[in-house]
Participant: 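Pasting a structure here, questions to come.
Scope of the values below: all heavy atoms of this structure, side chains included, with no hydrogens, waters or symmetry mates. Chain letters run A, B, ... following the sequence lines, proteins first, then strands; residues in each count from 1.
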Protein chains: 2
Amino acid sequence: MNITWIGTGVMGGPMAGHLMAAGHSLTIYTRTKAKAEALLEAGATWANGPAAAARNADVVCTMLGFPDDVRATVLGDAGVLSAMQPNALLIDFTTSSPSLAVEIHEAAAARNIQSLDAPVSGGDIGARNATLSIMVGGAPDAFDRAQPIFETLGKTVVHQGPAGCGQHTKMVNQTLIAAGMIAVCEGLLYARAVGLDPETVLKSVGGGAAASWSLTNYYPRMLKNDFAPGFYVEHFVKDMGLALDEARRCGLQLPGLAMAEQMYRKLAEMGHARAGTQALIKVLEDMNRAALR
Amino acid sequence: MNITWIGTGVMGGPMAGHLMAAGHSLTIYTRTKAKAEALLEAGATWANGPAAAARNADVVCTMLGFPDDVRATVLGDAGVLSAMQPNALLIDFTTSSPSLAVEIHEAAAARNIQSLDAPVSGGDIGARNATLSIMVGGAPDAFDRAQPIFETLGKTVVHQGPAGCGQHTKMVNQTLIAAGMIAVCEGLLYARAVGLDPETVLKSVGGGAAASWSLTNYYPRMLKNDFAPGFYVEHFVKDMGLALDEARRCGLQLPGLAMAEQMYRKLAEMGHARAGTQALIKVLEDMNRAALR
């Protein structure tokens, strides 16, 4: 297949690489050309902008940062929809707004183009190892058509419903993580404040009813003051904002998510927008300076 | 060993049974004698009250409901400490106040009695299968002495520090669960409100960064409106109250725990004190009636 890939950052880069390795012919565009070098050396073709990249593609894939990037890249005057062939397929892997996914779906349908929203979870490691969970919204026949691509990139591929449902499912994923991260920070701070050894505590609490992926993966990094990004604070802030927007739209109150979003915005304001999400501990430490001596 | 066991409810009953099966001679007291029938039929000796039960024991174990029960049973006029032999060992398995554990430790030491606080996690299933996590506070030699008992009852046995540290570790465990339960409820409600199929959503989100024991075990029960108790709401309310008391004592702010404790108190007020903790979904449903139609 002729596949166009737009956005070759920490997630998009390895994902595009897997498609090339699977034998597809790739055309690439990304904002910072240096980030595409490895793929270009491996034989991908460079294009000067989204429209130029999309012109001859069977499938156009986007993996960008923020909904505004998606809007400009897909719906803009020189966006991919302006140039794609009829009957081509558009797949947006960005975690973005469910409402924008519906808007794109309708704009694409008006030009006889199929589209899927297909956000992923699993982080940079999942992208590199092709073990992502891919949550897909769109028409069933478009989903079937995209299966070879999804199977090359991920381990858990589930069609969640019509356009927007992939994004909505990712919002559920982020909502589950949000208040759970507060819990991990609070457990660690309690342990410290009362004078327990936090590593020994983990031996008691890590394997039972308190167990979580966040506890296993982030609590030890918090202990070591290792705030290197697996997942950027600024992206999590975006995701939680999107989930809260959608919740507001349907009159839904999610106080745990709202609390987490406020704490993470505070964390970004403290200068940690490009830290990993485990840096949340800094907000709770800041709040509790006296108790921690 | 001559072991006295006080409190033969849903946790204490099977735990005492394991000790009998391991060949120990058991004396039993519990508030509601009917709950001790199976153990008495299996050969345990009944005693009329804590002091009578404790008189000839090498080790006295308590597994009760609330700190007030522990205080009365251990420190009361006719409590076990009033009757225990010097050099005997007291082990309290109840999840109770860390401060009370220290108080008991000191009262016991004044009579030349050793004591350990040893709350457990793993629920009724862990008690029946002897797979509990046992979190122990007290002197190292008392811990060594109790090892044969702990190994008969649990899978993960960790000495966490001096008196009170077992209880503190259990507080960390409950703090980790608390805000995490809010997250599970909110993820499910978001899925419902936007029209996703919650079972299909779990296929996408259950195995990655959003994974948790609570998600795996409680989300499906919430879906089926199965509120049978694995762990009682009223006991979780007690535990979170204890953790917040200790946090207040050291000037620690834990907003996620505080939010969960308020929601669970509301749940108890709604009449669900004896439901399982997964009934928290009822509080968030109540808050969101309009959005869920």
Participant: So Met263(A) and Leu284(A), side chain to side chain contact (heavy atoms under 4.5 Å, CB included) or not? Walk me through it.
Facilitator: CA-CA 8 Å; Met263(A) 287 183 176; Leu284(A) 282 114; 4.1 Å; yes
Participant: So which heavy atom on Thr156(B) is nearest to which on Ser204(A), and how close?
Facilitator: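 Residues Thr156(B) and Ser204(A), closest heavy atoms: CG2-CA, 4.5 Å.
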Participant: Is it the case that over 12 heavy atoms from other parts of the model lie below 6.0 angstrom from the CD atom of Gln147(B)?
Facilitator: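 Result for CD/Gln147(B): enclosed.
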Participant: Within the distance-only criterion (no hydrogens, no angle test), does the side chain of Glu186(A) pair as donor or acceptor with the backbone N or O of Leu257(B) below 3.5 angstrom?
Facilitator: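 Looks like yes, one N/O pair under 3.5 Å.
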Participant: Which one of Gly230(B), Gly180(B), Gly187(B) has the most heavy-atom pairs closer than 4.5 Å to chain A?
Facilitator: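 Highest number of pairs under 4.5 Å: Gly187(B).
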Participant: What part of Leu254(B) gets closer than 4.5 Å to chain A, counting heavy atoms only: side chain, backbone, both or neither?
Facilitator: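 Backbone plus side chain of Leu254(B), per the 4.5 Å heavy-atom cut-off to chain A.
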Participant: Report which part of Leu215(B) has an atom under 4.5 Å of a heavy atom belonging to chain A: side chain, backbone, both, or neither.
Facilitator: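 For Leu215(B), side-chain heavy atoms alone lie under 4.5 Å from chain A.
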Participant: Of the backbone (N, CA, C, O) and the side chain (C-beta and beyond), which part of Leu196(B) lies under 4.5 Å from a heavy atom of chain A, both, or neither?
Facilitator: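 Just its side chain gets close to chain A.
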Participant: Under a 4.5 Å heavy-atom cut-off, does chain A meet the side chain of Ser133(B), its backbone, both or neither?
Facilitator: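 Answer is side chain: those atoms of Ser133(B) sit under 4.5 Å from chain A.
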Participant: Of all residues at least two apart in sequence or in a different chain, which pass the ring-ring contact (aromatic ring centres under 6.0 Å, His included) check with Tyr232(A)?
Facilitator: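 Partners of Tyr232(A) under the ring-ring contact (aromatic ring centres under 6.0 Å, His included) test: His235(A).
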Participant: Any idea which of Val157(B), Val158(B), Asn173(B) has the most non-hydrogen atom pairs under 4.5 angstrom with chain A?
Facilitator: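 Greatest number of close heavy-atom pairs with chain A: Asn173(B).
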Participant: Between chain B and each of Ala183(A), Gly207(A), Ser212(A), Gly206(A), count heavy-atom pairs under 4.5 Å; write down the option with the most.
Facilitator: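 Heavy-atom pair counts peak at Ala183(A).
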Participant: Please flag which part of Thr200(B) lies under 4.5 Å from any non-hydrogen atom of chain A: side chain, backbone, both or neither.
Facilitator: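 The answer is both parts of Thr200(B).
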Participant: May I ask you to test the Met15(B)-Val120(B) pair for a side-chain heavy-atom distance under 4.5 Å?
Facilitator: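 SC-SC contact between Met15(B) and Val120(B) confirmed.
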Participant: Most heavy-atom pairs under 4.5 angstrom with chain B, which of Ala290(A), Gly137(A), Pro98(A), Pro255(A)?
Facilitator: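 If we count pairs closer than 4.5 Å to chain B, Pro255(A) comes out on top.
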Participant: Among Thr175(A), Asn217(A), Leu252(A), Thr216(A), who wins on heavy-atom pairs under 4.5 Å with chain B?
Facilitator: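 Max contact count across the listed options: Leu252(A).
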Participant: Just so I understand: if I count every heavy-atom pair under 4.5 Å between each of Lys170(A), Lys203(A), Gln253(A), Met171(A) and chain B, which residue has the most?
Facilitator: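 So the answer, after comparing Lys170(A), Lys203(A), Gln253(A), Met171(A), is Gln253(A).
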Participant: Please output the residues of residues 123-132 of chain A in contact with chain B, using a heavy-atom cutoff of under 4.5 Å, in numerical order.
Facilitator: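 Expected list: none.
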Participant: Can you name the closest pair of heavy atoms from Lys238(A) and Gly65(A) and give their distance?
Facilitator: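 In this case the closest contact between Lys238(A) and Gly65(A) is NZ-O, 2.7 Å.
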Participant: Between Tyr264(B) (side chain) and Ala178(B) (backbone), is there a donor-acceptor pair under 3.5 Å?
Facilitator: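 No: the side chain of Tyr264(B) does not pair with the backbone of Ala178(B).
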Participant: Could you tell me whether a side-chain N or O of Gln167(A) sits under 3.5 Å from a main-chain N or O of Ser96(A), the two making a donor and an acceptor?
Facilitator: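 Checked: pair present.
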Participant: Measure Met259(B) against the heavy atoms of chain A and call it side chain, backbone, both or neither at under 4.5 Å.
Facilitator: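 Answer is side chain: those atoms of Met259(B) sit under 4.5 Å from chain A.
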Participant: If we ignore hydrogens and angles and just use 3.5 Å, is the side chain of Tyr218(B) paired with the main-chain N or O of Gly276(B) as donor and acceptor?
Facilitator: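 No; zero donor-acceptor contacts below 3.5 Å.
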Participant: Backbone N or O of Asp226(B) within a donor-acceptor pair of the Gln278(B) side chain at under 3.5 Å?
Facilitator: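 Side chain of Gln278(B) to backbone of Asp226(B), a donor-acceptor pair under 3.5 Å: yes, one is there.
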Participant: Any idea which of Gly161(B), Ala179(B), Gly164(B) has the most non-hydrogen atom pairs under 4.5 angstrom with chain A?
Facilitator: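 Of the candidates given, the most pairs with chain A belong to Ala179(B).
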Participant: For a quick test of reading the model, state the closest non-hydrogen atom pair linking Leu116(A) to Gly138(A) and the distance between them.
Facilitator: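 Minimum heavy-atom contact is CD2-CA, 3.7 Å.
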Participant: Whether the Glu246(A) and Ser99(A) side chains hold a donor-acceptor pair (N or O, under 3.5 Å, no angle test) is what I'd like checked.
Facilitator: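 Yes, side-chain donor-acceptor contact under 3.5 Å.
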Participant: Can you tell me which of Asn288(B), Thr169(B), Ile177(B) forms the most heavy-atom pairs within a distance under 4.5 Å of chain A?
Facilitator: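 The answer is Asn288(B).
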Participant: So for Met181(B), is it side chain, backbone, both, or neither that comes closer than 4.5 Å to the heavy atoms of chain A?
Facilitator: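 For Met181(B), there is no contact with chain A at all, as no heavy atom is under 4.5 Å.
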Participant: Heavy-atom cut-off 4.5 Å, strictly under: side chain, backbone, both or neither for Ala209(B) against chain A?
Facilitator: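 For Ala209(B), heavy atoms of backbone and side chain both lie under 4.5 Å from chain A.
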Participant: Relative to each other, are the rings of His159(A) and Phe143(A) parallel, tilted or perpendicular (30° and 60° limits)?
Facilitator: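 If you compare the ring of His159(A) with that of Phe143(A), the planes turn out parallel.
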